Amino acid sequence: MSCPSSKFIVVSSTEAHKHQLADFLSTYLKQPVELHFCPDFSQAISAFLTEPPPDAAFVFATLLHQSPWQKPLVLMAERMQVPVVIFRDRESEDGAVKIAGNWILEWNLRDTHRHRRTLDRLFSLVHRRQNEQKQTLKMKQYEYFFQEAPEMHVITRFQNGDQIIVDHNKTFARAIGYPSQSLAGRSLYQFLSESSRERFKTASQRILANHKKSLSREVELLSKRGRVINAVTHVVPEHHAEGRPSGLRIIFVDVSQQKRLEKELRKLSSIIEQMADHVMVTDLNGTIQYVNPAFERITGYAAHEVIGKHSRIIKSGKHPPEFYRNLWNTILSGKVFRDVLINRKKNGELFYEEKTITPIKDEKGNLLYFVSTGKDITERVLQQEQMVQMQKMEAIGRLAAGITHDFNHILALIMAQAEEILYHLPPDDKMRDQMGEIIHAAQSGAKLTRNLLTFSKTQSPEPRKVNLKHSIEKTREMLDRLVPQNIHVRFEAKSDDIFVYMDPAQIDQLILNFVLNARDALPDGGTIQISLDRVTFKRPKQVKNTLISPGRYARIRVTDDGIGMSEEVQKQIFDPFFSTKEKGKGTGLGLSTNYGIVHQNKGFIVVHSQLNQGTTFEVYLPQVTDMSNQPNPRPPAAGDSASSTPTILLVEDSDIIRNVVKEALRRRGYEVLIATNAEEARAYFHQKSSDISLLISDIQLPDANGIDLARQFQQQMPDLKMVLMSGLGFPELNETGLQEGRITFLQKPFTMDEFWQKVESLLEAPN
């Protein structure tokens, strides 16, 4: 027979008894036995009062009559249910005290044949006591676990389809806010929300029908104050002795905080997923762990294409190495990095972003990862750059316009004097050729100034609805005369009905300047490809470094396979007088003139080029969608022919130009009234308005604006015809308030042939 580790005490006046008993018990139990020796009853009682108390006590009768403590010891053993073996010797029985009890065993040392029976009974009691102690301990442990568990425990019984609370722990009572003693006998359903109650009833019925041995549900508990407690339940049935379900044992786990956290996480996740700014999370090495949909939309990379890759996948290389070193030094030191970055999309396109990189740390301050947020500001940056470019061009344009006015005035004087001298020279005079060269030089200067005026947007266009395909084809016919035979010019149009509203002459000039520029980029020959198609942008579109407004556009592309341009050259290519050609081989106004034409017509111009890989110019011009509001020249009204000797009022402050024009008009038989300023012109008009058939006036007069003067005269005399002259451009006719069909513009400087063409075509037209 074996026995678990036990605590035995020996009460005797002789310690030899301890050793004898130890040997005997070891033989019986077939295992070593340790005994605690107590020489008197006081020490024995102390052993009983220690934890844990002894499992058995062996008392030799020789002490029973020697101590007043023998009875208390025996009574204590009975109460504590500790078996006590009393050893008796027949020779000493007369002096021994008779003691009886359920847990008292007597052992007659001389009756050896009964020793084993006594020991069997003893250890049966020891085993019984140890088992009872274990059960008691388990019950205590269970009760402690039941009452102190962090989960809510409830035990119910079935009663008429209801769940009546039989027992519960403190956690349940505390959670729902009711006194513990008031819960027993109440229905569990009154503490469940309506929706949870129905689901729980259904689950209970399944258990009652023995269809389920256990189940889990998520329910809502209602506290006394109305607070909803989200809980996950685990339910197992309680059974009667015969095995039928009698009730339920339910564990409620409060997941309210978890639910709130999940809700907050879903909210945070939804915010990050729907943010307009892109979010990227990387580890400390820069390996991407997460990107939000905005990152995919902005960069063109799908999440699976970048997760696990280094963040340098969008690096543009546009910043110097020290910029990136400073970035990493900042965030690795735990500081937030903020700056504007130029990064690259999947398609190679650059984009600008306001970047913030935040180091994320644990509670000890150790770096965990980096969260990068970026606001795409490409549109804003490009708009600012375009605004700066336009302001620069406008400033240059104003300067060019001012210079052009004075220069045209000088050229007009030169041409007027030269033509006057040429008129009076005999046909065989040698000076005629020299005067012709002077006039030709002045005309070349006039052509240069016209380009400047186009760039500065002061040149007067004559816009109309234009079929771009037909217009470019017409220009294409004369290009072969301008390029050498080893250069092939090709034109392809995607559609036959792409219309714009602009001056056809500007289209000619646009194509011509592009082709001539491409010709110079092909010293060894090659191909110039002109293409035409239409595009529509529903939102602002970034093309290279230009932001194009939403709308429908006609797109003209001029591509060559020539020497190309560096990025530095591309930044200056539209600046007036900038040229990469040798000195004397270009004015530097061709592309700047194109820039002026395109912007004057509310379009956009973009250049794509790489060294030794050719160049493409793209022009986006607004397509014509509705011509109903577009101004069109109105045909002159029918009427009587002009008189044979019309009177002309000439208003010009320049003596030389005034005299040359006056003499030319008088030689043709016209009567001429001369005014040097607006005041003199008004006086003539007041006196002879009925006789005046034509007004010829400079726009820049010393005391007034020629347009204002013309407007005043036309209000008084609607049929009055007018020729307005200027060294600058002429504004849109609909901006002047002047009546169409009776007015024409003459750009200074002009030849007398140009002058007569304007004057006579106007005078000969019907009123």
Side-chain angles (χ1 to χ4, degrees), residues 1-112 114-141:
M1 180 177 183
S2 63
C3 182
S5 177
S6 302
K7 177 181 177 182
F8 299 130
I9 63 172
V10 177
V11 185
S12 174
S13 59
T14 305
E15 191 171 357
H17 288 159
K18 167 188 167 185
H19 299 297
Q20 292 173 1
L21 186 60
D23 292 338
F24 186 81
L25 291 177
S26 296
T27 301
Y28 173 80
L29 295 174
K30 298 180 181 180
Q31 66 182 51
V33 175
E34 183 178 355
L35 301 176
H36 298 276
F37 179 68
C38 297
D40 53 46
F41 281 103
S42 62
Q43 290 190 29
I45 289 174
S46 297
F48 268 75
L49 295 177
T50 58
E51 284 292 336
D55 292 300
F58 298 93
V59 180
F60 283 84
T62 53
L63 286 179
L64 290 177
H65 64 280
Q66 298 175 5
S67 173
W69 296 103
Q70 68 273 23
K71 287 187 178 181
L73 175 66
V74 173
L75 291 174
M76 187 178 292
E78 281 289 325
R79 183 176 293 275
M80 297 178 66
Q81 295 185 337
V82 176
V84 176
V85 178
I86 299 177
F87 288 95
R88 294 185 180 277
D89 189 339
R90 287 177 180 172
E91 295 176 356
S92 59
E93 279 183 356
D94 296 339
V97 178
K98 291 287 184 180
I99 300 175
N102 294 328
W103 292 83
I104 306 301
L105 303 176
E106 291 192 13
W107 187 334
N108 190 327
L109 292 174
R110 297 184 180 277
D111 191 1
T112 56
R114 298 183 62 185
H115 292 172
R116 178 165 294 275
R117 193 188 320 170
T118 303
L119 288 175
D120 288 345
R121 184 182 173 197
L122 167 67
F123 283 105
S124 175
L125 291 173
V126 170
H127 280 289
R128 172 184 163 189
R129 181 176 180 279
Q130 287 179 337
N131 288 334
E132 289 176 350
Q133 286 179 332
K134 287 180 182 178
Q135 290 298 321
T136 302
L137 179 61
K138 285 181 180 179
M139 289 299 295
K140 287 182 179 179
Q141 289 174 338

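These numbers were taken from a predicted model, which means no experiment stands behind them.
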Decide yes or no for L122 and F58: does some side-chain heavy atom of the first lie under 4.5 Å from some side-chain heavy atom of the second? yes
Could you state the interatomic distance from CG (L35) to CD (Q20), rounded to the nearest 0.5 Å? 12.0 Å
Which atoms form the tightest heavy-atom contact between P54 and I9, and what is the distance? CB-CG2, 4.1 Å
What distance separates H19 NE2 from F37 CZ, expressed to the nearest 0.5 Å? 8.5 Å
Specify the closest pair of heavy atoms between D55 and P83, including all atoms of both residues, with the distance to one decimal. O-CD, 3.3 Å
For the student: nearest non-hydrogen atoms of S26 and P32, plus distance: OG-CA, 3.8 Å
Measure up the Y28 and F123 rings against each other and bin them: parallel (under 30°), tilted (30 to 60°), perpendicular (over 60°). parallel
Are the side chain of T14 and the backbone N or O of A16 linked by a donor-acceptor pair below 3.5 Å? no
When rounded to the nearest 0.5 angstrom, what distance separates CG in L21 from CZ in F8? 9.5 Å
